[in-house]
Amino acid sequence: MKSPVLAVRDLSVFLQDGGQPRAVVDTISFELHEGEILALVGESGCGKTKTAEALMGLVPTAAGSIELCGTNLAALPEARLRRVRGRDISMVFQEPLTALDPVFRTGNQIADVFRRHRGLGRAEARRAALEMLQRVGFADAGHVLRSYPHELSGGMRQRVVIAMAMACRPRVLVADEPTTALDVTTQAQVLARLTEMAGEAGTAILLITHDLGIVAHYCDRAAVMRMGRIVEQAGVDQLFAQPQHPYTAALLGAARGNLLS
Amino acid sequence: MNAERRIWGQLRDDPAGLAGLVVVGLFLLVAMAVWLGLIGQDWSAADGARWETPGPDHWFGTNILGQDIFERAIYSVRTAFEIGLVVAVSSTLLGALLGALAGWYSHSWVDGAILWLKGVLDSIPFYLFVAAVAFALQGKGWAMHVAMIATFWTTTGRLVRAEVMKLKTREFVLAARTIGLPDALILGRHVLPNTIHILLVQASIAFVAAIKTEVILSFLGLGVQDGVSWGLMLAESTQEVLAGHFSNFLAASLMLFALLMGFNLLADALQDAFDPKQASQ
Amino acid sequence: MSRLWTHTRIAWPPVALLALVMAVAGCKPERSSEGPEPAYRVYRHAMDGAPSSLDPTHASNLYANFLAVNLFDTLYRYKYLARPYRLEANLADGLPQVSADGLIYTIRTKPGVHFIDDPAFPEGKGRAVRAEDFVFSIKRHFDPATRAQGAWLWQGRIVGLDEWKENGADYDEEVPGLRAVDDRTIQIQLISPFPQLTHTLAQGFAAVVPREAVQSYGQEFAVHPVGSGPYRLLSFNSAGAVLERNPRFRQEPFSLEAEGFDPDSQGGLGLEELADRVPPFADRIEVEFIAEDAARWNAFIAGEVDFIKVPVSQFDRVLASRDPPTLSPDLAERFRLNANLESGFVHTDFNMDDRQIGYHPDPDQQIRNRALRCAIIKAFDWPRRNEVFYYGIGEVFPGIIPPMTLEFDADQDRAPVLRDLEGARDLMSSHGWHAGNLPVLEYGFPSSVTERQMFEQFRSFMADIGYPQEKIRPLTYATYGDYARAYLNREVMLTTTGWTMDYPDAENTMQLFFGPNAAPGTNTANYNNEEFNRLYRASATMQASPMRTAMYRNMNRMVVDDCVTISGISRTLILLWRRELAMLPDRSFVGGFFLRFADPESAGGEAE
C-alpha cells in the first residue's frame, strides 16, 4: 500500500472551559489515502467538527501530529500553514450561507483562491473561477459569478463552496456535514458532484457526517467517534455488517429506527 | 435584487427618512455650490450698514460689520460639511482599524494596548481634551479636527471590536482562513466590510457630532480660525441679542437645526435599511 | 446681585458694633442730615475685575491700584477735577524741590499723619508716618522676596538702589539715592534726569506702608492692609471689598479751585456744595467685583450699586446722543454720565523687522514696502472702525500722541487718518504692487469675538484697495498671553494692541517707538529711526516745556511719515452713577483717588 496522504497521530484538542482545560478531541489517529473517502461519524458534540478545525489549523493542536504528504501541519508556523491551506488541504463547511461572505460576490471569493495560490491576475483568476463554477455544474456560471450569496439557493451556495474548496485540486478535502442544511434531492446532487470531482483530482475526502445513509452510499471507510475518541474504525461494509463497538451498534440501531419512523 | 435597490426601496417607504434625505441633499447641494464658487462668496465683504434688518439687499440682514448674514450662513454650510466629512470619515476609519485589530487579536497585547488607549481617551472630559489639543496646536485651524478624530473613534472602535470578535468565529471567516488568506486580507476584505452597517451608522453619528462640536468649539474660540461657521456666528450673536439683534442667532441656529434634524432622520432610516439581518431575509 | 446681598449681610455686624461703640463713647457723626436718622453714608462701587492682593507692591492692575490708593497714602495724587491731569501733593507737603541739574529731589511730608490703629503697632495704636516709611516702601520693590511688580518704574534711575538689591536687599543698609533726611524729609538722588519721577510717586506702587505691619503679617499683608489712606479695610474677598472711613485721616477741606474745577463742564454735578467740607465724605465704601457685563449692568439698574462703567453692548441703550455723549431721557432721571476719554490709545503696528512689510536691505524694496504700508494706512477706514467698535465716540487722531496728553496738537494735519482709497491705489500701482505680488499679511489676535470682528473688518477695508482676501490671514492665539509672547518674539506681522499710559506725559507713548525698546521691549513695531532715537534720548531728561513738546510732535511726524503704525484711537469710557451722588468718577490717572471725594448724601440737584 502507498503511504497515506494524511496521517493523523494521537491528535488532541483542548478547550479552555471555565479555567479547566478539557479534551474535546482525545488522542485520535487515522489515515487517509489518495482518492479515498473516509467518513467521520458521531453524534453532535462528539468532537467531529473540532477535529476538522484542528486539521485546518483553525484551533491549536494540544498534542499529536497531522502529517500531510509527510509534512507535520501541527508544527508549521502560521505563515507556512497559510500556503498549504486551500492548496493542499481545504474545507467545506456545514452551512453554505455562513461560509460565504455575504458582502462579496461569489466569483471574487473563488477567484481569491486562484490569486492567492496560483498567483493569477485579476482577469485570469476570474476566468478560472468561471470555469470552476461550470465544473460544479452551473449552466449559467456567468450569472452566479456576479451574484451575492443571499441571491443563491442553498444547493447553489454549497456548490460555490465546493468550487472554492476544489479550486486548487487539494490532496485532502475536509467536508464538515456538507449537505446537512440541504434538502434530500439537492443533497444527492451536491454529494455526487463532490465525489466525482474528488475522484477526478485524486483528492481524498474526510467526510464528517452523522447521516449513516450517506456513509453507506459514498464512503470507503468510516471512523466512529464518541466523546472525543475514535471508538471504531473499519471498512464501510464491515462496519455495517459487524459493528465491533457497542456504541457503533447503538448508532446503527438508532439510524434504522429513524428510517422506520 | 441588489443591495442598492433594496436600500433605496426601503428608504422610499420611509417618509421621515425621505424628508431627511431631501434636507441633507439640499444642504449638500449648497455646500457643493459654495465649493464651486457659485454662491456664498461674499461672506467677508462688509458692504452693508451695521445691523441692517432683513430686506431685499440682505435677506437675513447684516452683522455688526455690515457683512451679509445670509452669505455667511450659506458659506457656513460648506464649513460644516468640510468638518463633518473629514471628522466622520477619519474617525470612523480609525475606529474601524483599531477596533478590528483589537477584535481580531482579542485578549492579546494588541487588544490590551488599544483598550488602554481607548480607556484613557474616554476618561478625559471631552471639552477639556479639545481645549488641551487646541492649546497644544496653538491657533492651528485643524486642532479641533485632530481632537475630534482622536476621541470620536473610541465608540466605533468598541462596536467594531465586539462585532469582529463575533465575525471571527463565523464560518466564512474560517473559510477564508481555510483557503489560506493572510490575516490582513481577511480583516480588510471579509471582516471589515461586514461591519459596514456599524461604520455607516457611526459615521453618520460622527458627522452630526462633529458639526455640533464645531459650533461649540468655535463659540468658545477654539474652533474655526479662518473663515466663518455657525459657531462663530452664534458667538457673535451673544454680543447682539441683548441689544435686540437676532439675525446671526436665528440664521445660524435654524440652519444648524435643519441640517442636524435632516441628518438624524436620514441616519435612522439608513440604520434600518442597512441592517444585515433584514438583508438576508 | 445675590453676591451683593450676602456681602452686605456679612459686613453689617462689625459696622453696627462700631456705631454702637461710637455712640457709647459719645462721638456723634460730624454731619447730620435734617432727617431723624443718623447720616451714615454708604457709597457702593462696581468694578469689572478683582484684585488678587491689596499689597501696594502688587498694585499692577487698575483694580488693585484703585484700592491701594484708598487704603494707603501716596506722596502725590492727581487733582480730582483738572483735565488734562495734573499732579497734586497728597502725603507730601508740596511739589518736590528739584536741584538745578534735575538730579536731586527733596520732598517734605505733612505733619501729624498717622497709620491706622492695628495690633501690629505697640499697644495697637497707629504711630506717625515717617520719611523712613517711604524709603522702606520703595525698597520693597527691589527685594526679591516681595515679588513686587513695580520695580521697573525706578530701575536704573536711583543712585544705589539696584546695587542694594544685588547686595542682598538688607533693609538696614542705606541706599545713597533714597534717604530719609529726617522724619519728614525724603531725598532722592537720580542717576540721570527723570522728569516723570513725580508721576511715579502718584501710583499705588509708591504707597507708604509701615514696616511693623509688613513684618508682623508677612504674606497675610496682601489681605491685611495697614496704611494711612482715607479708608481702612473691613472685609475683602473675591466678591468684593468693604472699606470704612479712616477717622484719623488728615483734615484737609475740599477746595474747588485747588482741584481744578471747571464750572462750564463740571457744573451742576453738585460738586459746588462740597466746598470747604472735609473728605472723605463717605463713611463706608462697598466695592463689588462683578466681571460679567450683563450681571454688573443688572445690578446697577436694580439700584444695588451706585456706579458702573457701562459695558459697550449697552451704549446703544444708554446714549441719546454721541457728540457729546448724553444720557437717554429715562436713564437721565436716575443717573448722571461722564464720558471719560482714556489716557491711551489702540493702534495696529507693522512689524518693521519683517522683510515682507518692514525694513529691507535692498533700498528699492524698502521704498516699495513703505509705499505698501502707507497704502494700507490710507485704506483703513477710521470713522467706520470708530463707529462699529467704539460707538463713534472714540477719538481718532493721527500718530502716537493721544488727545488726553498736554502735548497733543489739536491743529495737526488729520490727513493720515482720513481714508483715501484712490491715493492708496495710486501708491500701490506706482510702486509696482498688484494682487499677484502682494505679500501675505498675517494679522495676529487672541481668539475672541471682538478681536476677530476687528480682523474681518480690517480685511474688508483692504479688499477695497484690491488686497486679495486670501492674502490676509488670521494668526490666532488661545490667550492674550500667548499672543503677547508671539509678538514679543517678533513673529506677528500686524499687531493690534492698546496702550494705557502710566503717567500723563507723552514720553510714555514716545518710548513705544524708541529703537532700543524693540521687542521683547515695548516697541512692538520694532521701529528704529536714528533721528527719532536721538530726539527721544534728548527729550527724555527734559522737564515739560514748549521745546520738549515741539520735539515730541516732530517725533510723532516721523512715525506718521514712515507709515509704521495704523494709529490711532483713544476710547471713550461711559461712566454712570446715581444722580443723588455728588461726584465725578474717573477710570484714568485719578482712578481711586476720587473715592474720598464721592459724597453719597449731598443730593446735588433734583432727586427722583
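We name chains A, B, ... by the order of the sequence lines, and we start the count at 1 in each one.
Rounding to the nearest 0.5 angstrom, the gap separating the CG atom in A/Asp176 from the CG atom in B/Leu174 is 10.5 Å. The CZ atom of A/Phe93 sits 11.5 Å away from the CZ atom of B/Phe172 when rounded to the nearest 0.5 Å.
Among A/Arg115, A/Glu53, A/Arg83, A/His117, the residue making the largest number of heavy-atom pairs under 4.5 Å with chain B is A/His117. The most heavy-atom pairs under 4.5 Å with chain B, out of A/Gln94, A/Arg87, A/Met164, A/Glu95, come from A/Glu95.
Neither the backbone nor the side chain of A/Leu81 comes within less than 4.5 Å of any heavy atom of chain B. Within the 4.5 angstrom heavy-atom criterion, only backbone atoms of A/Leu100 (N, CA, C, O) approach chain B.
Applying the 6.0 Å contact sphere to CE of B/Met261 captures no more than 12 heavy atoms from other residues, nucleotides or ligands. Around atom CZ of B/Phe257, no more than 12 heavy atoms belonging to other residues, nucleotides or ligands sit under 6.0 Å away. The number of heavy-atom neighbours closer than 6.0 Å to CD of A/Glu196, taken from other residues, nucleotides and ligands shown, is above 12.
Residues B/Pro193 and A/Val103 meet the side-chain proximity criterion, which asks for heavy atoms closer than 4.5 Å.
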Salt bridge (Lys or Arg N to Asp or Glu O under 4.0 Å) evaluation trace for B/Arg189 with A/Asp101: CA-CA 9 Å; B/Arg189 297 194 58 186; A/Asp101 188 333; over 6 Å; no
Working for side chain to side chain contact (heavy atoms under 4.5 Å, CB included), residues A/Met56 and B/Arg177: CA-CA 9 Å; A/Met56 298 309 297; B/Arg177 291 178 66 188; over 6 Å; no
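The two atoms that bring A/Ala99 and B/Ala175 nearest to each other are O-CB, 3.5 Å, heavy atoms only.
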Sequence neighbours excluded and cut-off under 3.5 Å, please list the side-chain donor-acceptor pairs for residues 206-214 of chain B, or say none.
from, atom 1, to, atom 2, distance (Å)
B/Thr213, OG1, B/Ala209, O, 2.6
B/Glu214, OE2, B/Ser218, OG, 2.5
B/Glu214, OE2, B/Ser229, OG, 2.5

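Within residues 179-187 of chain B, the residues that have a heavy atom under 4.5 Å from a heavy atom of chain A are B/Ile179, B/Gly180, B/Leu181, B/Pro182, B/Asp183, listed by number.
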